[in-house]
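All remarks here apply to the structure that follows.
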Amino acid sequence: MKFVDYVNIKQGTDSIRRFSRGNTLPLVCTPNALNMFAPQTDSTRGPWYYHPVDRSFEGVRLTHQPSPWAGDFSCLCFLPQIDKLYVDPALRWSGFRPENAVLTPYYMEYYLLRHRTKFSLAPTDTGAIMTVDATENKGKSLFSIIPFDFKTEITVDKEKRTVYGYTCSLTEAPKNKDFKVYFALTFSTDIESIQTQPVGQNANAVGVILAENKYEVRCSASFISVEQAKLNIERELSGKSLQEISKSAEDKWEDLLSRLVIDADEKTKRTFYSCLYRTFIFPNKFYETGADGENYHVVPETGEIKKGVAYTNNGFWDTYRTVYPLYSIVRPEKLNEIIEGYLNIYDDTGVLPRWLTPSEVNYMPGTLIEAVLADCVCKNLLTERNKQRVYDAVIKNVEFKTNGDRVSRKCLDEYKTLGYVPYDKCIESVNETLDSAYGDYCISVIAKSVGQDEVAEKFLNRSQNYRNLFDKESGFMRPKHSNGQFKEPFDEFDWGGDYTEGGAWQNSFAVPHDYEGLASLYGGKEAFLRKIDQLFETPPYYKVNSYPLEIHEMAEMAAVDFGQCAISNQPSFHIPFTYAEFGEKEKTYNIVKKMTDELFSYKDGGFPGDEDNGTMASWYVFAVLGFYPTCPGKLEYAVSGNIVKSAILKTANGDVDIVKKINGVNKINHFDLVK
């Protein structure tokens, strides 16, 4: 059995707005693809346009959606129909049998009952080949290109059997409302006639009547130009069959998934490899190779075309914790290019990215790309040139004054003078302070690596600023006013306001760079771990507080039996591993084993909360392997103990027996692990 055969790409799709079991999409794509494809089953739910229990098919969607909370961009739908073009989703959908549909990372197949039509798709990095077999139907085959209600132009070249154009579809981003995705489609049979129909006020859908009822469509999308989209088709799809394209995509996934070979029960294997698939979808490529062999990317805010690679669809507040540390172990050769892409975006905009989709949307606190950069630097994963670029960027970025859409650290002057971000100046001030202190530690690591010892010392000292919000009486990090007074009244169950997607319980232990220092504030290791015991023993109470409504993360924490540890969301990811950080592996193991057994699976509802661009999937991978990156930017992993029976890491220099490596130790160095 191939590793890719264990993958359920619907894992996490059984989600709704008010309760997430992943909030994922079943993405048919190559790893880190420029363009992805997903079935659209019911668009009345907005960004939740796919659900595994639906029995309606509105089309296959060219998608770039990293999360329903961020929404989609540069998207449109393709749908085979018969005789007449229908555009409204309420009119155009066809029934299908979910039990007969095929969804794998490298292949999609639906049988549309309404049209007695078999529809198949296999992806490339920039596009896909689609085959349509409507020979059971006596009507005329029509293939529709259906944009959303945004500025769109579509041209049909009947002589060349080609349809091409652009659309400006977006939801939350980018800021440039004229940001275009260009597309091109070529058909294997003649285009006999054309039908058009308006989509809202800004676009027309196009349906092409084809000479045959069995045909192929090769398509690509480009952020550069129509000519580039056509070039992408020529490079990736011309002369190749559906089977060849599918096999090529399958091989790419198999190469990555086979780098970790585990021995475990069937459920764990299926969950593990489904999670590995999720890990390597994001970030997405945001560059293309031109006819001259050079790489080019677009600056989405301005539309400028610039040389060099770029990546997008990534929120560093989430992904720094698990995704990039897992890449550093399983796919280290990819990280230099990804980081170079972010550095190019810094050169384009003057600010390091925080949350890209495709441009900066400024979600979440902190500037935690610093942790990703520090982790790559300390693990020697960057070229010398890029390491120096990293240093130059973080030093300038940490002094950048937030200005309009350009956002770096918030309340920078207050943080530098007071040693914390005051609540009267900034929302989520506790998280902003703690993330800034950790970011300072990461900058010190980067500075040290390029021989800037004085700079490193400065930021290392500043990384102790977390201490300024600690309240010994309550044992929590609490918001402070500019005048130095703690905010009153204080309620440990209040969510939001001064904290991010949680309250004091979930956010007070975010000091990954200095657990020993944090423990000293409690009076030592024993007192600190008693506080963590209390966290797991306290019922999952919460108060809406500053949020105007109950957010789904509250319900997800309360739905399971792990006290105030909201493992459904990133701020709690490290909390079970704090025991292991202090050598109490067994406590961590017991908690993590219960979590992985009860809260995770390969099934459609397989996550306890938002998966978020590979973060929760990577958490599971680390958890069952038995070690965890408690502080990206440091070389040590905390060891909790393997849940899988065995795990072999395939590296360029040979096989690594992970279970053997971690057996009998409390911590393991990165280089000792992977060598």
Side-chain angles (χ1 to χ4, degrees), residues 70 172-175 283 299-302 310-321 324 338-377 386 388-447 452 455-456 458-460 462-463 465-466 482 500 510 513 632-633:
E172 299 294 328
K175 300 297 185 294
V299 182
E301 294 92 339
T302 65
Y311 280 80
T312 193
N313 279 343
N314 191 86
F316 295 99
W317 188 80
D318 300 311
T319 57
Y320 88 83
R321 304 166 198 263
Y324 292 96
I338 292 175
I339 298 306
E340 185 169 318
Y342 297 144
L343 292 170
N344 289 341
I345 291 170
Y346 169 78
D347 289 344
D348 294 342
T349 64
V351 188
L352 281 170
R354 353 169 8 107
W355 223 115
L356 295 169
T357 178
S359 57
E360 183 57 67
V361 291
N362 298 320
Y363 297 156
M364 314 313 292
T367 51
L368 288 166
I369 190 173
E370 295 154 343
V372 176
L373 301 175
D375 205 49
C376 290
V377 164
N386 280 340
Q388 186 63 49
R389 289 178 72 193
V390 162
Y391 172 74
D392 294 340
V394 296
I395 292 301
K396 291 176 183 176
N397 195 71
V398 79
E399 295 295 337
F400 183 89
K401 296 291 182 67
T402 293
N403 180 17
D405 291 338
R406 298 281 182 258
V407 176
S408 185
R409 292 196 182 180
K410 300 171 186 175
C411 292
L412 179 60
D413 288 338
E414 289 84 356
Y415 175 77
K416 289 165 65 176
T417 57
L418 299 173
Y420 60 91
V421 174
Y423 73 82
D424 54 309
K425 302 288 186 180
C426 185
I427 63 167
E428 300 180 338
S429 61
V430 172
N431 287 76
E432 292 286 357
T433 299
L434 300 183
D435 289 347
S436 293
Y438 173 42
D440 286 344
Y441 171 80
C442 294
I443 294 173
S444 76
V445 171
I446 295 165
Q452 296 290 336
V455 176
K458 168 190 169 182
F459 282 97
L460 183 61
R462 220 168 75 170
S463 73
N465 279 346
Y466 72 87
S482 299
T500 303
H513 58 292

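We use all heavy atoms of the structure for the numbers below, so side chains are in, but hydrogens, waters and symmetry mates are not.
- Side-chain contact, Asn344 with Glu340: no donor N or O sits under 3.5 Å from an acceptor N or O.
- With respect to Arg409 and Asp440, a salt bridge is recorded, a charged nitrogen being found less than 4.0 Å from a carboxylate O.
- Counting heavy atoms from C-beta outward, Asn465 and Ser436 have side chains that stay 4.5 Å or more apart.
- Here the side chains of Leu352 and Thr367 are not in contact, with every heavy-atom distance at 4.5 Å or above.
- Across every non-hydrogen atom of Asn431 and Pro365, the tightest pair is CB-CG, 4.0 Å.
- Between Asp424 and Ser482, the shortest heavy-atom distance links the atoms OD2-OG, 2.8 Å.
- Proximity of Leu373 to Tyr342: side-chain heavy atoms (C-beta onward) are nowhere separated by under 4.5 Å.
- The shortest distance between side-chain heavy atoms of Met364 and Glu428 does not fall below 4.5 Å.
- Between Leu412 and Thr402, every side-chain heavy-atom pair lies at or beyond the 4.5 Å cut-off.
- When all heavy atoms of Val394 and Glu370 are compared, the pair lying nearest together is CG1-CG, 4.4 Å.
- Every ring-ring contact (aromatic ring centres under 6.0 Å, His included) that Tyr466 has, sequence neighbours left out, goes to His513.
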**OP:** Would you please test Leu460 and Tyr441 for side chain to side chain contact (heavy atoms under 4.5 Å, CB included) and show each step?
**Re:** CA-CA 5 Å; Leu460 183 61; Tyr441 171 80; 3.8 Å; yes
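- The minimum heavy-atom distance between Val421 and Cys411, with the atom names listed, is CG1-CB, 3.9 Å.
- In this structure, Lys425 NZ and Tyr420 OH are separated by 11.0 Å, a value rounded to the nearest 0.5 Å.
- Checked against the 6.0 Å centroid criterion, the rings of Tyr320 and Tyr438 qualify as a close aromatic pair.
- The CG atom of Asp392 lies 12.0 Å from the CG atom of Asn397; values are rounded to the nearest 0.5 Å.
- Side chain of Thr312 to backbone of Pro358: a donor-acceptor contact under 3.5 angstrom is found.
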Subject >> Leu356/Tyr311 under side chain to side chain contact (heavy atoms under 4.5 Å, CB included): CA gap, chis, key distance, verdict >> reply: CA-CA 9 Å; Leu356 295 169; Tyr311 280 80; over 6 Å; no
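- Put simply, CD on Glu301 and CD1 on Ile345 are 8.5 Å apart, with the number rounded to the nearest 0.5 Å.
- To the nearest 0.5 Å, the span separating SG on Cys426 from CD on Glu432 amounts to 4.5 Å.
- Taken from CZ in Arg321 to CZ in Phe316, the straight-line distance is 13.5 Å, to the nearest 0.5 Å.
- Remark: Tyr324 OH to Asn314 CG distance equals 3.5 Å, nearest 0.5 Å.
- Between Arg354 and Glu360, the closest side-chain pair of non-hydrogen atoms falls below 4.5 Å.
- In this structure the side chain of Ile339 never reaches within 4.5 angstrom of the side chain of Asn386, judged on heavy atoms.
- Checking side-chain atoms of Arg406 against main-chain N and O of Thr349 turns up a donor-acceptor pair under 3.5 Å.
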